[in-house]
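Just below is one structure, and these are the notes that go with it.
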Amino acid sequence: MRYDTVICGAGLAGITAALVSLSHGKSTAVVARGESSLYYMSGYLDLCGNGDNPWNAIDDLAHANPAHPFALSDAKEKSEALAFFVEQTSPGYPYAIPVDSRNHLVPTCTGGIRHTYLLPANAGADGLADRGRRVRAIGFTDYRDYSAQLMVDRLNKKGYSWTAAEVESGCSKVSQTSIDLASYLDDDYPALIDKLRPVVKDCDCLVFPAVLGFKKHRVIVEAIRDAFGTAVFEVPTLPPSLPGMRLSSALISRLRGLGGDLFWGFPATADNSAGDRCTGLIVDTPGRPRLIEGENYILATGGIAGGGALVERERIRERVFGLPVETYGTTDERFLFGEQGFARSGIRVDSDMRPIGPDGKIIYKNLFCAGRALAGYDPFTEYDGAGVAIVTGYQAALAAIRRWD
Amino acid sequence: MIEEVDVVVIGGGATGAGTLWDLALRGIDAVLIEQHEPGYGTSGRNHGCLHSGGRYLVKDPELALECYRENQILRQVAGAAIEDTGGLFAHIKSDEQDYVRRWVDNAHRIGLPVEEVSATEARNMEPILSSEVDRVFTVPDAAVDPFDLIYMNLQGAVQKGARFMTETRVKELLIRDGRVQGVLAEDIRTKEVHEFRCRAVINAAGPWVGIIASLAGISLELTYGKGSLLVHATRLAQRQINRLRSPSDGDVLMPGKTVCLFGTTDIHIDNPDDTVTWADEVKSLIEMERPIFPDLPEMRVLRTVTGVRPLYTPGAAGTAERDANRGHAVINHGARDGVGGFFTIMGGKLTTYRLMAEQVVDEVARELGVTVACKTAETPLAGLSIGNARNFLETKAICECEQVTEDDLLTAAIFLDKVRSGGIRRMTRLGLGPCQGTLCIWRGALYLYRKGLLTDQECLTFIEESLDERWKGNRGVLWGDQIRQAELERGIYRGIYGSEGD
């Protein structure tokens, strides 16, 4: 099988790249070992920084660190990438660009306050913008991974005046996870609305843990809105992340709808026998490995957590192509949330997103790289994980298309 | 607040807890003061070996016999904390051959039951053993869970009317007319001060005995040896496996509950709080595994554990740590330093903690005019009602890796005087499994909050302290699954919860 573009990895970066490729009329295949990190992440899509203005934060980062992936694109390209991405989400799980291009202020389930850029449009954005808003946080007595009261206790110390209430979910499992609750609500959400009636009063907005259904999420949110005439907002909690799953599922539907092929569930290795060009991906399907060939290849297999980078005792290995991985030494010995050198490890690329070696030379002419596999940034201290994935996925696909043309 | 009590015990390790139990059995009113949580120090940072004595047969047969006797006693009185794994001493071809003969001779001399098995049989028993092993002997070693042991002693003592206080640090010893009159101690968080008026003080502070003694103006000759262990993610051996050679670094592999521990190193340090394991130490431990357990270096390492051995070396400055006296010492500071009513118990091993407690309490009882004899060798300790959940479909699990239930957390929280991350972790094993607390720390904290046992601020502190504590054990072993776990944890706690010390 031969494609114009072959992408390895089906996370935010890989799928964004695939959708760009398809929207330019290129035949496109995505090879993925399995679920991406979206399943573990909040579904809040950060652009950059935990402050009001992400664009200033981007400038500061790119200025301070020329090796940062954001230094490879200008603001215009970034805006185009984000607009493209948001458009792709609209049929399945729509996200929205903030009207003033500033970050939203959102609550966390610990009652923290954080900034983020893209929110699901039906999440009723700006849960924290208006301090006078009458918000009622709903929890479930039988869902141990979330406490509405804890969130409210903490937020109210920061000048809010939210209230909390708990109802029984009705899901009969002994220890519910987010997925158990969501699939229960997919089937039985009218019962939830009945249970909410006695506890919903005097409020403009209802806040729930992010478990309001998977397949029927939109229907459930609308039903709650209709029943109580309030806005509805979901707060992310312990993985698996329903917002991440909904987004992943919506993007994959979009990919298939546009005619992309998805090879799902099998690890791939590169067949790069032809010197300076990648010649194919060998997908480990049972019985007979399958060769998938393309004009261009995009590596978007993620970093350490996603499994694209394997950390061994003495080195870090890139799993598919065996690319050289740039490593950083410093590690904060005291605090997990300090500066961790390993977090910045990854693949170094040129301005066309092509992996380069320590000598600065391009490794394969037709290989591009995007997302968490890239070197030079730490999404968990910089709050730029989704931003880098979307922007570099977009860039890598365009660079591949430019070469092809 | 001033309280009257007969005896104040300083230190909540095995020795301190055992001392409190011994005092309680003799009807002596006592309170134990621990600066962090029970088992925070050396007692909670070792292999968890209930030594048969085999390890000391050649170098110190007397100590070997002491271990063997205590091993037999503890199986009777503290059975709930002990798993009868049995032990092997395995000799590899390249190690000294003559050592085996001397070892066997001494075993016969002191009556330690050792039995030779063929190398093939031994490798069938423990496939992790190298094919370089030529002679193997079975011994009655066993595994002891130090936390269970400590909490069982505390529980027994509390039922007899004793008290204990955690996160409380001794600030001052009140001394008048050459006698200790009391103790001033301070809550390490709230700085609330407690004053105890007492007739005797027992210093069982482990690596910190020197600091406590200095509060009485007394200097103790101590050296500190730091020992680090690798914790592998599963039980790769079913028995304690000792390398049969003169005791040295890296010669014990020990199964304990769901994991196994390999170690140790022995590095001289100057500060008893220096418990960091650096990456080069991990590297050297992995190299020590290779000769006897060739596959072990490729097995997942969950974390490191680092303990400090306090060694009493009167008049022996400059002695290499492992050669320093591993026995224990009871010091009556009335006789030695002119501070009456003040006693230090130090050194020793986890296996001999009961004997150490007996000996120091004998001295104290004599001073107080109490004639009741020690009863700890005959009085069984009740097990803890933690970790007893049999049916996971009917009980709510908080920690899936270590099977910690809601009931376990509640039991621990009620037993402890303060609900803090360290005490809960050590009492229940919350967060000690392969996910290293990524999911269960949040769940556990939330459960305690919902039960009204933590305030909202305490709940967040519980989470942050737990994560930082796990990180201390993880930072030296950041490769493979462990670093993936750390990245996931950063993603969850920073990305979803927005934790940043807020």
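Here is the naming used below: chain letters follow the sequence lines, and residue numbers restart at 1 for every chain. All figures in this text were calculated on a predicted structure; none of them were measured in a lab.
Smallest separation of non-hydrogen atoms from B/Leu488 and A/Ala305: N-CB, 4.3 Å.
Within the 4.5 angstrom heavy-atom criterion, only backbone atoms of A/Glu312 (N, CA, C, O) approach chain B. In this structure, the portion of A/Arg372 lying under 4.5 Å from any heavy atom of chain B is its side chain and not its backbone. For A/Leu310, no part lies under 4.5 angstrom from a heavy atom of chain B.
We find the CD1-OG1 distance between B/Ile463 and A/Thr110 to be 7.5 Å, quoted to the nearest 0.5 Å. In this structure, CZ in A/Phe380 is found 5.5 Å from CD in B/Glu487, a value given to the nearest 0.5 Å. Taking CD1 of A/Ile304 as the reference point, atom CZ of B/Arg484 lies at 10.0 Å (rounded to 0.5 Å). For the atom pair OG of A/Ser147 and CG of B/Asp456, the computed distance is 9.5 Å after rounding to the nearest 0.5 Å.
When each of B/Val477, B/Ile286, B/Thr438 is scored by its heavy-atom pairs under 4.5 Å with chain A, the top score falls to B/Ile286. Of all the listed residues (A/Pro236, A/Cys109, A/Ser241), the one sharing the greatest number of non-hydrogen pairs under 4.5 Å with chain B is A/Cys109. With chain B as the partner, the residue from A/Gly307, A/Pro379, A/Gly385 showing the most heavy-atom pairs under 4.5 Å is A/Gly307.
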task: With side-chain contact (heavy atoms from CB on, under 4.5 Å) as the test, would you mind laying out the steps for B/Arg490 and A/Thr381 before giving the verdict?
output: CA-CA 9 Å; B/Arg490 284 184 347 116; A/Thr381 56; 4.2 Å; yes
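Within the 3.5 Å criterion, the main-chain N or O of B/Pro297 finds a donor-acceptor partner in the side chain of A/Arg313.
Residues of residues 439-454 of chain B lying within less than 4.5 angstrom of chain A, judged on heavy atoms, are B/Leu439, B/Trp442, B/Arg443, B/Leu446, B/Tyr449, B/Arg450 in numerical order.
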